[in-house]
S.K.: 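So that we are looking at the same thing, I have put the structure below in structure tokens.
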Amino acid sequence: IYNDALLDIHSQKFGNLVTDLTEANLVQALEKIPRFNKNNIPSFIIMSGISGVGKTTSLTHVEALGYKKLRTITTRQPRINETEKDARFVDRHTFDFMLKNGEIFYPHTRNKVLHGILYSDLDNIRDKKIHTYADKSVASAKCLLKKLGECNILFCYLLPPTLRILYERILKREENNKLHLASYLN
């Protein structure tokens with residue numbers, strides 16, 4: 001389940017691993033993967049999935065194992081409760097300057113906002129200086145897998161427990177975003 005492989009977390013068998021998972025039992029499932037053990041743990045875990053499936057919650061379990069978050073660099077404003085721990089928030093001028101200096105890998109636009117990853121962070125992953133995790137789109141994950149090559153990487157694609165739960169999570173997130181916006185306007 002490394003590099004180009006996909007762990008489909010949704011009621012399917014993968015060898016002796018039953019992947020009927022939600023974020024609540026992700027860590028126990030990872031421990032069942034034969035190559036995920038104390039002697040050979042992935043240096044980089046990439047979690048992907050649509051909004052609301054539980055990536056952030058799942059990654060808190062991964063963080064509890066000692067992994068550090070790969071922070072993207074972005075020109076968007078921080079969301080409610082986000083800090084510099086979550087991403088590097090910069091203005092367009094700073095992003096362009098860093099891009100021109102060759103500091104940013106995979107610069108791209110999503111939702112009219114610039115995003116990228118610092119090459120220095122990729123070097124730390126490749127050199128196994130820190131065990132790292134990331135929440136990335138499939139497109140970004142493919143670029144990272146290609147760039148990092150033979151690193152010990154685990155890529156997980158998370159699916160929602162049910163469509164009803166997904167719907168409820170998205171509604172709750174939308175309500176929180178409206179409250180956050182209202183607090184700025186008042």
Side-chain angles (χ1 to χ4, degrees), residues 1-7 9 21-91 94-95 98-99 101-108 110-111 113-158 173:
I1 306 179
Y2 289 79
N3 290 333
D4 296 325
L6 170 70
L7 175 60
I9 303 180
L21 302 178
T22 62
E23 60 273 11
N25 57 8
L26 176 69
V27 174
Q28 291 86 359
L30 289 175
E31 290 169 350
K32 292 179 185 177
I33 299 170
R35 291 176 56 191
F36 188 87
N37 59 56
K38 291 178 183 174
N39 298 323
N40 191 21
I41 63 172
S43 56
F44 189 33
I45 297 176
I46 303 172
M47 186 77 63
S48 191
I50 62 173
S51 182
V53 297
K55 295 182 299 292
T56 302
T57 303
S58 297
L59 290 169
T60 59
H61 297 293
V62 171
E63 195 169 80
L65 296 172
Y67 284 78
K68 303 296 181 203
K69 182 175 185 176
L70 174 66
R71 297 183 308 155
T72 58
I73 185 164
T74 181
T75 58
R76 75 168 173 76
Q77 293 296 310
R79 296 183 185 123
I80 189 169
N81 297 327
E82 275 187 324
T83 67
E84 284 295 319
K85 177 184 173 244
D86 299 303
R88 292 175 175 97
F89 301 101
V90 298
D91 59 31
T94 302
F95 191 96
M98 294 175 81
L99 183 61
N101 285 336
E103 297 176 53
I104 299 176
F105 169 73
Y106 189 56
H108 60 284
R110 173 163 270 146
N111 300 324
V113 176
L114 293 170
H115 299 271
I117 300 167
L118 294 181
Y119 276 107
S120 58
D121 290 338
L122 295 182
D123 291 341
N124 287 335
I125 293 168
R126 188 177 296 110
D127 297 340
K128 298 179 183 174
K129 290 183 180 173
I130 1 177
H131 285 82
T132 311
Y133 72 87
D135 169 357
K136 294 288 164 207
S137 68
V138 172
S140 293
K142 282 182 179 180
C143 287
L144 283 166
L145 291 169
K146 184 176 180 181
K147 181 69 177 174
L148 293 171
E150 295 302 315
C151 289
N152 196 1
I153 300 171
L154 175 65
F155 174 61
C156 301
Y157 190 85
L158 215 57
R173 181 176 291 171

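As a basis for the values below, the full set of heavy atoms in this structure was taken, side chains included, without hydrogen atoms, waters or symmetry mates.
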S.K.: Heavy atoms only: give me the nearest Y106-A139 pair and the separation to one decimal.
M.R.: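 Scanning both residues, the minimum pair turns out to be OH-CB, 3.8 Å.
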S.K.: Please check if the side chain of K136 supplies one atom and the backbone of K142 the other of a donor-acceptor pair under 3.5 Å.
M.R.: no
S.K.: Can a side-chain donor-acceptor contact be found between D123 and S120 if the only test is distance below 3.5 angstrom?
M.R.: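 Checked: S120/D123 side chains show no N/O donor-acceptor pair below 3.5 Å.
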S.K.: Tell me every residue that passes side-chain hydrogen bond (donor to acceptor under 3.5 Å, both in side chains) with S51, counting only those two or more places apart in sequence or in another chain.
M.R.: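 Testing S51 for side-chain hydrogen bond (donor to acceptor under 3.5 Å, both in side chains), a comparison that skips the adjacent residues, returns R173.
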S.K.: Please identify each residue that fulfils ring pair (Phe, Tyr, Trp, His ring centres under 6.0 Å) with Y133, with sequence neighbours left out.
M.R.: none
S.K.: Does a sphere of radius 6.0 Å around NZ in K68 hold more than 12 heavy atoms from other residues, nucleotides or ligands, not counting ones at 6.0 Å or beyond?
M.R.: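 Open.
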S.K.: Check this for me, if you would: do D121 and R88 make a salt bridge, where the nitrogen-to-carboxylate-oxygen distance has to be below 4.0 angstrom?
M.R.: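 Salt bridge present between D121 and R88.
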S.K.: With side-chain contact (heavy atoms from CB on, under 4.5 Å) as the criterion, how do N124 and T132 come out once you've worked through the C-alpha distance, each side chain's angles and the decisive distance to 0.1 Å?
M.R.: CA-CA 9 Å; N124 287 335; T132 311; 5.9 Å; no
S.K.: Can you measure from NZ (K147) to CZ (F105) and round to the nearest 0.5 angstrom?
M.R.: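 Answer for the NZ-CZ pair, K147 versus F105, is 6.0 Å.
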S.K.: Working note: T75 + D91, criterion side-chain contact (heavy atoms from CB on, under 4.5 Å); need CA distance, chi angles, decisive distance, verdict.
M.R.: CA-CA 5 Å; T75 58; D91 59 31; over 6 Å; no
S.K.: Rounded to the nearest 0.5 Å, what separation is found between the CD1 atom of I130 and the NZ atom of K69?
M.R.: 14.0 Å
S.K.: With N111, which residues qualify under side-chain hydrogen bond (donor to acceptor under 3.5 Å, both in side chains), at least two apart?
M.R.: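 Partners of N111 by the side-chain hydrogen bond (donor to acceptor under 3.5 Å, both in side chains) criterion come out as none, since no residue qualifies.
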S.K.: Determine the interplanar angle of the H108 and H115 rings, folded into 0 to 90°, and report it as parallel if under 30°, tilted if 30 to 60°, perpendicular if over 60°.
M.R.: parallel
S.K.: Please determine whether the number of non-hydrogen atoms from other residues, nucleotides or ligands lying under 6.0 Å from atom CD of E84 exceeds 12.
M.R.: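 Yes - once you tally the heavy atoms of other residues, nucleotides and ligands closer than 6.0 Å, there are more than 12.
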S.K.: Between T57 and T60, do the side chains contain a donor N or O and an acceptor N or O under 3.5 Å apart?
M.R.: no
S.K.: Do R110 and S137 have a side chain donor and acceptor closer than 3.5 Å?
M.R.: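 Yes, because at least one side-chain N or O of R110 sits under 3.5 Å from a partner of the opposite role on S137.
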